[in-house]
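Since the model is a prediction, treat every value here as computed from it, not as a measurement. Sequence lines set the chain letters: A, B, ... in the order given, protein chains first and strands last, and positions in each chain run from 1.
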Protein chains: 2
Amino acid sequence: METNFNDKQIKILEVAEVLFSEKGFDGTSIRDISKEAKINIAMISYYFGSKERLLEDLIIYRTSDLKLQLDYLILENLEPIEKVNKLIELYINRVNCNRGIYRILHFEFTSKKRNLNHEAFSELKKGNLKSLEAIIIEGQTKGVFKKDIVIPLITPTILGTFFHFQMNKPFFENLLNLNTEALYNNYIKTILTKHIQQTIKALLVYES
Amino acid sequence: METNFNDKQIKILEVAEVLFSEKGFDGTSIRDISKEAKINIAMISYYFGSKERLLEDLIIYRTSDLKLQLDYLILENLEPIEKVNKLIELYINRVNCNRGIYRILHFEFTSKKRNLNHEAFSELKKGNLKSLEAIIIEGQTKGVFKKDIVIPLITPTILGTFFHFQMNKPFFENLLNLNTEALYNNYIKTILTKHIQQTIKALLVYES
DNA sequence: AATTAAATTAAACGAACGTTTAATTTAAAC
DNA sequence: GTTTAAATTAAACGTTCGTTTAATTTAATT
């Protein structure tokens, strides 16, 4: 799979990322993209073949650099709980910095209309889960984490909390008086991240 | 706001619910809807005026019966933690039984293309948050819940976990061998719900 | 039975869609 | 400088979109 795009192609990809994420795949026309990118409509078919393949290329373009920083984390000399905290921070930061593409993945991968290559993305998720599992089991072996934990449900709690917050952005902006983008981002970086860390820690160590 | 629809209108609404939720608003044509509902295309404009208003009516139709069972819960004579557990069960059940409409809300309310009436839905969410707050504060007053909890972030954790699981249905079906719809639903009802209850309880009572 | 209103239909509307064509410009190779 | 390939363009393609029209059928009212 080729990932070397020229300037024009990158421009198209970046505009598509913004528009797809804002208005959805079906809600964005290639005329919208070409106008915003100041590139002739025909260039999109010329470079990518079709709108659907543009989306596929976009996903590859944005997830190929997302190579696992997780594996480094596992090998670090840290307490299990510290590793989990770092993992959460890493997750939130990754997803928050690449909102556009994650929003698209979130929406378009779920649509029954799209028949994208689910396999590749599924493998990515499985790999991430394996890394998380390694950290949890290490903590259990060391006796700091309790035993009866459903590991595959931890990621939904971490990412789900973030996504749900993100999806209801206008609501929370209003509720929490996060009037500026900076305030909003800061809230994610500090309070939301801490909330998730606190939640997961409690789940992992609290004996009922 | 009128909520009395005749049989034909209800048929249209129910078909629209399924299709919007499966293929998105922009991904569904009114021809799709009319064909599936076996009703002439013109009837949709005739009854609802436009496709956009059909969506608005659909949301009203499905959320008007969603009147707060929460308020009953608050008044019940239960321990705070039991109330929280029941609230989670109620939330998951509600959202799980009305997947279609919640999926639509989730997707279309977030789209910058839609300019739906956010205000009404925002008020609904604020009301729900107030109910949750009442329960948490009661628990804190009774000394069973700890003090430093960011209450507005509890709902994202509850619903976010569920939604993220739901959004990645094919992945988890495969991972957890939930081959049939019954097995999948049962997993939500038992293990996923318990995971969320366990998580929130730990968050509320665990002192670090 | 005649009148009136509501429900339903097939057909057509103009606009927007993704894509292709064929001509032209730009750049590279020789 | 000529040739050749790549990049770029405006225009047109055929389809599908949401919506409207105008005619017809059904049902209710008098």
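Counting heavy atoms of neighbouring residues, nucleotides and ligands inside a 6.0 Å radius, atom CG of B/Asp7 does not exceed 12 of them.
A straight line from CG of A/Asn40 to P of C/dA23 spans 17 Å, rounded to a whole angstrom. Atom CE of A/Met43 and atom P of C/dT20 are 15 Å apart (whole Å). Atom CD1 of A/Ile12 is separated from atom C1' of D/dT8 by 12 Å (rounded to the nearest Å). Atom pair B/Tyr46:OH and C/dA6:P shows a separation of 7 Å (rounding to whole Å applied). Spacing between atom CD1 of A/Ile30 and atom P of C/dT20 amounts to 10 Å, rounded to whole angstrom units.
Among the nucleotides C/dT19, D/dG18, C/dT8, the one closest to the side chain of B/Lys51 is D/dG18. Of all nucleotides listed (D/dT9, D/dT8, C/dA7), D/dT8 comes nearest to the side chain of A/Lys8. In the set D/dT19, D/dT9, C/dT19, C/dT19 carries the atom at the smallest distance from any side-chain atom of A/Ser50.
Across all strands, B/Tyr47 comes closer than 4.0 Å only to sugar-phosphate atoms, never to a base (heavy-atom distances). Looking at heavy-atom distances under 4.0 Å, B/Ser45 makes contact with a base. Nucleic acid contact for B/Thr28: sugar-phosphate only, since backbone atoms but no base atoms lie under 4.0 Å from a heavy atom of the residue. B/Ile41 comes within 4.0 angstrom of a base, heavy atoms only.
Under the Watson-Crick or G-U wobble criterion, with both distances below 3.5 Å, D/dT30 is paired with C/dA1.
Here B/Phe162 contributes atom CZ and B/Asn93 contributes atom CG; the two are 9.5 Å apart, rounded to the nearest 0.5 Å.
Side-chain polar atoms of B/Gln166 and B/Tyr184 form a donor-acceptor pair below 3.5 angstrom.
Nearest-nucleotide assignment on DNA chain D puts the 5′-proximal partner with A/Ala42, out of A/Ala42 and A/Arg31.
Exactly one of B/Ile200, B/Thr193, B/Thr199 qualifies for a side chain to side chain contact (heavy atoms under 4.5 Å, CB included) with B/Gln197. That residue is B/Thr193.
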